[in-house]
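Treat the numbers as computed from the prediction; the structure is a model and nothing was measured. Reckoned from all heavy atoms, side chains included, excluding hydrogens, waters and symmetry mates. In this chain, residues are counted from 1 in sequence order.
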Amino acid sequence: MYLMRVTGAWIGVLADWLSGQADDIQQSESAVQLKNELEHWRHQAVVPMHIWQNMLDQAVHLHVEGSGQVALLIGACVQPRHIGVLGYLVLACSNLADAMLAYQRYERLFYGHNLAEIQMTADEVEIRWAPLESSDESSGRWHDSCAIAALITFLRRQMREPPPPALVAFCFAAPVTEEEQIAYEVFFQCPVRFADHYTRVRFPRSYLTLSMPQCDPGLKDLLDRQAQALLHALPDSEPWERALQHVMLRLMPEGRTQLPEVAHSLHVSVRSLQRRLEQRGMTWQQLLDRTRSHLAQQYLQDASLSLAEIAHLLGYSEQSAMTRAFVRWTGSTPAQARKSFRQTVYRRG
């Protein structure tokens, strides 16, 4: 049995929702207790799933009626910063097909494990999740409602005139009242099925070519930080070096850091790329280490990025591999470097 969790940034979606509630709700004893819990957990790199579900359960019960609707509205508060690196990677995709594949590939950055399955037929495509074994009926209901509401809202905000899904389905039983059942269909703008074997979102296959405009400023900020770090790694860069930087930025989060793949993306032979690097007095491994080192130190200054997320951005399959490399480069661990940076910022402030 593996431990399910969510990224610490996800706590922000609940905090943002709570801050938008009426004063009488925010000032209630239950809301104040929830605020204190949120404040504690929102700065953690990861949050155990049962802790997240418990806080979500507290939130939906701040309202006497319409708990399912509340869970949907919490999910509708989603912003890319709440999803962390996974959100930025999805935003960098060119169309819905790439976005779905990126979500499936990098889902473990959010939950710690890859859970989603993608199924295709001649006419439809579906992304689905089996029920969480660790969740009880109530907690699973709120989590799934919030998560799918966030997914659909995220896509709606990033696509031009997005069409509704063909179907949304949940594993939990249908809400007791017809009014709440209708609320789900109104929110998703499509038929909603309950008591299914999977939580699923289904689209017509033709939707896969719908474009993602890549207009989120958070993505631009992240890519700008990457670019600046790489400029330090390759100072006084020429057009060819800038092209190399761009390819490395694109391939590194996918773990594609082997010399043949980079050469192929640059449309040159491996030997030609090696020769160019030799002319600059370095090997491919030296360049890769230098680039990763600069990027790592840049990322560690961003409190919203967990160490696991930084490891994946640098192309490592495991955080431990990044830690060993970082110690080799700098003599300290990533955690020690992050702590040192925070202390420096505090003293300056």
Side-chain angles (χ1 to χ4, degrees), residues 4-21 38 41-42 46-47 49 51-60 66-93 96 99-100 102-116 118 126-129 131-132 135 139-159 162-165 167-172 183-190 192 198-203 212 216 218-219 304 309:
M4 285 291 299
R5 50 82 160 179
V6 295
T7 180
W10 183 235
I11 302 302
V13 76
L14 189 48
D16 287 354
W17 171 84
L18 187 57
S19 67
Q21 299 307 295
L38 291 171
W41 285 103
R42 69 185 303 177
V46 298
V47 180
M49 177 61 76
I51 298 292
W52 159 249
Q53 290 182 328
N54 178 263
M55 291 189 291
L56 185 57
D57 186 70
Q58 293 179 56
V60 299
S67 298
Q69 297 177 57
V70 174
L72 296 176
L73 293 175
I74 292 171
C77 292
V78 67
Q79 297 292 337
R81 67 178 183 276
H82 298 142
I83 310 177
V85 172
L86 173 60
Y88 296 130
L89 291 170
V90 169
L91 285 174
C93 297
L96 181 58
M100 290 180 68
Y103 177 89
Q104 185 185 39
R105 185 182 304 120
Y106 297 111
E107 188 181 36
R108 61 178 171 166
L109 294 179
F110 189 87
Y111 287 120
H113 301 273
N114 287 333
L115 307 172
I118 294 179
E126 175 179 289
I127 183 167
R128 69 186 190 185
W129 301 261
L132 299 179
S135 299
S139 297
R141 176 187 297 265
W142 311 143
H143 167 73
D144 289 353
S145 297
C146 179
I148 301 304
L151 174 64
I152 298 301
T153 300
F154 188 82
L155 291 176
R156 285 171 178 167
R157 288 178 178 168
Q158 305 309 323
M159 300 174 68
L167 173 74
V168 169
F170 293 100
C171 300
F172 56 80
Y184 274 82
E185 295 192 348
V186 169
F187 183 92
F188 292 112
Q189 300 175 20
C190 71
V192 178
Y198 290 91
T199 295
R200 59 180 98 220
V201 179
R202 185 179 298 164
F203 297 96
M212 303 279 288
D216 184 81
L219 174 62
S304 69
E309 289 174 329

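The structure places CE of M100 at 6.5 Å from CZ of F203, a figure rounded to the nearest 0.5 Å. In this structure, CH2 in W142 is found 7.5 Å from CG in D57, a value given to the nearest 0.5 Å. Residue R156 holds its CZ atom at 10.0 Å from CG of L151, rounded to the nearest 0.5 Å. For the atom pair CG of L72 and SG of C77, the computed distance is 11.5 Å after rounding to the nearest 0.5 Å. Between the CZ atom of R202 and the CD atom of E126 there is a distance of 4.5 Å, given to the nearest 0.5 Å. Interatomic distance, H143 NE2 to L56 CG, rounded to the nearest 0.5 Å: 9.0 Å.
Taking all atoms of both residues into account, the shortest heavy-atom contact from E107 to A116 is OE1-N, 2.7 Å. L14 and I74 make their closest contact through CD1-CD1, 3.7 Å (heavy atoms, listed as atom of the first residue, atom of the second, distance). Scanning all heavy atoms of the two residues, the minimum distance from G140 to F172 falls at O-CD2, 4.5 Å. Scanning both residues, M55 and L38, for their nearest heavy atoms gives SD-CD2, 3.8 Å. Taking all atoms of both residues into account, the shortest heavy-atom contact from V13 to H82 is N-CD2, 3.5 Å. Between A149 and A76 the shortest heavy-atom distance is CB-N, 4.5 Å.
A search for side chain to side chain contact (heavy atoms under 4.5 Å, CB included) contacts involving E185 returns V192, not counting sequence neighbours.
Contact annotation: the side chain of M49 approaches that of V6 to within less than 4.5 Å [non-hydrogen atoms, C-beta and beyond]. Residues Q79 and R157 are in side-chain contact: their nearest non-hydrogen atoms beyond the backbone lie under 4.5 Å apart. Contact check for V70 versus W17: side-chain heavy atoms found under the 4.5 Å cut-off. Put simply, the side chain of S145 does not reach to within 4.5 Å of the side chain of F187, judged on heavy atoms.
Note on ring orientation: taking the six-membered ring where Trp is involved, the planes of F170 and Y184 are perpendicular (angle over 60°, cut-offs 30° and 60°). Ring geometry for W10 versus F110: interplanar angle over 60°, hence perpendicular rather than tilted (30 to 60°).
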Begin with the C-alpha distance, continue with both residues' side-chain angles, and end with the deciding distance and a verdict on side chain to side chain contact (heavy atoms under 4.5 Å, CB included) for I118 and Y103. CA-CA 10 Å; I118 294 179; Y103 177 89; over 6 Å; no
May I have the step-by-step check of side chain to side chain donor-acceptor pair (under 3.5 Å) for Q58 and N54, ending in yes or no? CA-CA 6 Å; Q58 293 179 56; N54 178 263; 2.8 Å; yes
